[in-house]
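Note sheet for the following structure.
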Amino acid sequence: MNLPNDPAMLVSVLNTKLRDFYPSLDALCDDMESDKDTLISKCRIIGYEYNSKRNQFV
């Protein structure tokens, strides 16, 4: 599955997937064959950081 390029849409999709299907960002990236650093960088553009305790971008 391709993830959205738009940072706002990306955060929304990632948080939904993290909430519903994955126990961590690492698990999501492994399963979706996505680069973790790239996802974090894209979300950071609009001020979101991954919080591992909450398992979501906040």
Side-chain angles (χ1 to χ4, degrees):
M1 174 183 189
N2 290 333
L3 292 169
N5 284 324
D6 176 73
M9 292 297 297
L10 179 61
V11 167
S12 178
V13 168
L14 289 175
N15 278 343
T16 299
K17 289 187 175 296
L18 288 167
R19 181 191 68 221
D20 294 345
F21 303 110
Y22 298 101
S24 69
L25 182 58
D26 288 323
L28 180 147
C29 290
D30 287 345
D31 188 52
M32 299 191 73
E33 299 178 355
S34 296
D35 182 68
K36 180 179 175 180
D37 292 331
T38 300
L39 294 179
I40 289 172
S41 293
K42 284 184 181 180
C43 294
R44 205 174 269 156
I45 290 169
I46 58 169
Y48 282 83
E49 295 285 340
Y50 179 68
N51 181 309
S52 60
K53 290 183 180 185
R54 294 177 63 178
N55 192 35
Q56 69 180 153
F57 284 87
V58 293

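Partners of D26 according to the salt bridge (Lys or Arg N to Asp or Glu O under 4.0 Å) rule, which considers only residues two or more places apart in sequence or in another chain, are K36.
Taking every heavy atom of both residues into account, L3 and S34 meet most closely at CD1-OG, 3.8 Å. Listed here is the closest heavy atom pair of Q56 and L18: CA-CD1, 4.1 Å. Taking each heavy atom of F21 and P23 in turn, the nearest pair found is O-CD, 4.2 Å. Pairing each heavy atom of A27 with each of S24, the nearest pair is N-OG, 3.0 Å.
Applying the salt bridge (Lys or Arg N to Asp or Glu O under 4.0 Å) test to pairs two or more places apart or on separate chains, those with a residue in residues 41-58 are R44-E49.
Counting only distance, with no hydrogens or angles, the side chain of N15 and the backbone of V58 share no donor-acceptor pair below 3.5 Å.
Between the SG atom of C43 and the CD1 atom of I46 there is a distance of 6.5 Å, given to the nearest 0.5 Å. Going from atom CG of N55 over to atom OH of Y22 covers 11.5 Å, rounded to the nearest 0.5 Å.
Between L14 and Y48 there is no side-chain heavy-atom pair separated by less than 4.5 Å. Looking only at side-chain heavy atoms (C-beta outward), L25 and F57 come within less than 4.5 Å of each other.
For CG of N5, the number of neighbouring non-hydrogen atoms (other residues, nucleotides, ligands) closer than 6.0 Å is 12 at most.
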